[in-house]
Amino acid sequence: MEWGFVIAGVGEASRSFAEGVAKGLGVGLCSARFKRFPDGEEYVRLEGCKVKGLDVVVVQTMESPQSSSLFTAMLLADAAREAGADRLALVAPYMAYARQDRVFLEGEPVSVRAAMKALYATGYDVLVTVEIHKEHSLRFFPGRSYSVYPFEKLAGAAGVDCGGDVIVAPDRGALGRAERLAKALGCRYGYLVKERDRVTGEIRLADASIEAEGARAVIVDDIISTGGTIALAAQALQASGASSVLVLVAHYLGLPGAGERLSKAGVSKVYAANTLPVSDAGLVEYVDVSDLAVSVLREA
Ligand code: R5P
């Protein structure tokens with residue numbers, strides 16, 4: 001597909017990711033002005049976006065407040081169509097609601113399905129995101145959808161060395177992405193077993209299948225939110241003899257207190273993809289993965 005223009009959505013994270021996408025595709029970039037009405041409703045207006053008859057990429061990450069970012073992405077689709085855009089792709093570096101990818105307790109929705117249907121209904125033909133938590137969620141989007149895998153890039157930035165490093169999944173659900181990275185690099189790998197109380201959200205480590213003695217442990221996960229999962233894993237790995245712990249994560253949501261929790265648990269560094277606003281600078285190093293989205297857009 002020949003993409004003709006990129007629209008940068010609202011927020012610095014979306015803007016800088018959009019710059020990378022526009023540069024990679026070699027096309028023009030425009031932005032959207034955003035304001036909130038006194039009653040809280042959102043308003044966007046495209047500025048300098050000459051998109052009539054073009055296939056257009058909108059970049060809008062779903063940072064907090066996530067429901068608002070989701071709705072912003074929908075408004076941008078409608079504005080782009082109104083301005084005459086032809087085909088529309090949404091690059092959502094962070095796709096919110098991806099963790100509710102199935103019904104865990106009776107009466108719940110499949111939230112990611114609801115979000116994807118809404119995006120398609122407002123006009124997106126293509127959806128590109130970074131590490132969607134569970135690949136099967138992609139099929140909930142009625143158009144073409146892609147999730148790019150950022151961990152080889154993150155491992156490169158972190159200087160992962162299979163001589164002394166062991167790759168670790170903090171729970172069984174994360175094993176696939178850790179195993180893929182370990183196999184690509186030729187590293188040893190293993191996993192921890194995490195149990196979460198579905199009602200209270202409380203987590204505990206139940207078991208570990210890993211030999212970490214004397215190794216640098218490289219934990220691979222999709223999201224750091226409160227930092228609770230990684231803190232628990234880091235402590236367990238050090239208790240089993242790991243010499244140090246670093247983390248590769250696709251999305252650093254970094255809720256208040258997360259950075260401190262990770263540091264206290266002995267995490268030396270976090271390498272995160274640039275999918276969300278910067279926080280806990282110093283502990284977290286951001287790696288630009290917009291080129292991975294560009295590669296996928298070229299094939300879409
Ligand atoms: C869980 O399934 C996810 O992959 C993450 O491990 C989890 O959401 C991280 O959340 P927190 O940082 O709050 O433990």
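When a ligand or atom number is given, it counts from 1 through the structure's own listing order.
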Does a side-chain N-to-carboxylate-O contact under 4.0 Å join [X] and [Y]?
X	Y	value
K264	E260	yes
D291	K153	yes
E179	K183	yes
D125	R81	yes
D222	R177	yes

Numbered atoms of ligand 1 (with element) below 4.0 Å of I224, judged on heavy atoms: 12 (O)
What protein heavy atom lies closest to [atom]? Include the residue and the distance to one decimal.
atom	result
atom 1 (C) of ligand 1	K194 NZ, 3.8 Å
atom 2 (O) of ligand 1	H133 CE1, 3.3 Å
atom 4 (O) of ligand 1	D222 OD1, 2.6 Å
atom 13 (O) of ligand 1	T226 OG1, 2.6 Å
atom 6 (O) of ligand 1	D221 OD2, 2.6 Å
atom 10 (O) of ligand 1	S225 CB, 3.8 Å
atom 8 (O) of ligand 1	R99 NH1, 2.9 Å
atom 9 (C) of ligand 1	I223 O, 3.3 Å

Any donor-acceptor N or O pair under 3.5 Å, side chains S67, Y97: yes
Residue-ligand contact G227/ligand 1, heavy atom below 4.0 Å: yes
Ligand 1-proximal atoms of T229, by part, heavy-atom distance under 4.0 Å: both
Distance flag, aromatic centroids of F37 and Y43, threshold under 6.0 Å: yes
Non-hydrogen atoms of A250 and V130 that approach each other most closely: CB-CG1, 4.5 Å
Test of proximity, R177 against ligand 1: N or O pairs below 3.5 Å: no
